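Working notes, structure below.
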Amino acid sequence: MPTLTVFSAAENAALAFTDEQVAHVKADAALFAEAHRHLGDAGMQELVIVIGTYLLVCRYLETFEIDLEETDIPTSGLDEIRKGLEKHG
């Protein structure tokens with residue numbers, strides 16, 4: 001993956017690692033090391049969990065042939081959570 005100047009070195013390392021892991025299940029050791037240098041142990045664990053969750057959702061939707069919504073969802077639910085927190089502190 002080419003390095004993109006709009007992203008930081010850490011972001012580029014995470015993107016390269018993600019692309020490699022998605023394509024080959026286990027990322028190259030050099031890509032892992034570079035991402036780990038920026039993210040540390042906890043950051044790498046979080047990144048791998050996010051990648052795995054994304055892949056799980058993709059495979060689930062494909063397996064059961066679930067189509068995505070054709071129209072935008074008006075709210076993510078975050079507004080309701082914020083309102084509840086403001087009301088109930």
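Predicted, not measured: the structure shown is a model, and the values here were computed from it.
Criterion: ILVMFWY side-chain heavy atoms under 4.5 Å apart, direct or through other members. Under it, Phe17 and Leu55 are part of a common hydrophobic cluster. One hydrophobic cluster holds both Leu61 and Leu56 under the rule that ILVMFWY side chains link at heavy-atom gaps under 4.5 Å. In terms of hydrophobic clustering, with Ile, Leu, Val, Met, Phe, Trp and Tyr side chains grouped at heavy-atom distances under 4.5 Å, Ile66 and Val57 are assigned to a common cluster. A continuous path of ILVMFWY side-chain contacts below 4.5 Å connects Val22 to Met44, so both sit in one hydrophobic cluster.
Every residue meeting the salt bridge (charged side-chain N to carboxylate O under 4.0 Å, His left out) condition with Arg82, not counting sequence neighbours, appears here in chain and number order: Asp79.
Atom CD of residue Glu20 and atom OG1 of residue Thr18 lie 10.5 Å apart, to the nearest 0.5 angstrom.
By the 6.0 Å contact criterion, CD on Glu46 is open, its count of non-hydrogen atoms from other residues, nucleotides or ligands being 12 or less.
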Distance-only criterion, 3.5 Å: show the donor-acceptor pairs between side-chain atoms of residues 24-40 and protein atoms not counting sequence neighbours.
from  : atom 1 : to    : atom 2 : distance (Å)
Asp28 : OD2    : Ala30 : N      : 2.9
Glu34 : OE1    : Arg37 : NE     : 3.3
Glu34 : OE2    : Arg37 : NH2    : 2.9
Glu34 : OE2    : His38 : NE2    : 3.1
His36 : NE2    : Asp41 : OD1    : 2.5

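Contacts classified as ring pair (Phe, Tyr, Trp, His ring centres under 6.0 Å) and involving residues 43-62 (residues at least two apart or in different chains) are given here: Tyr60-Phe64.
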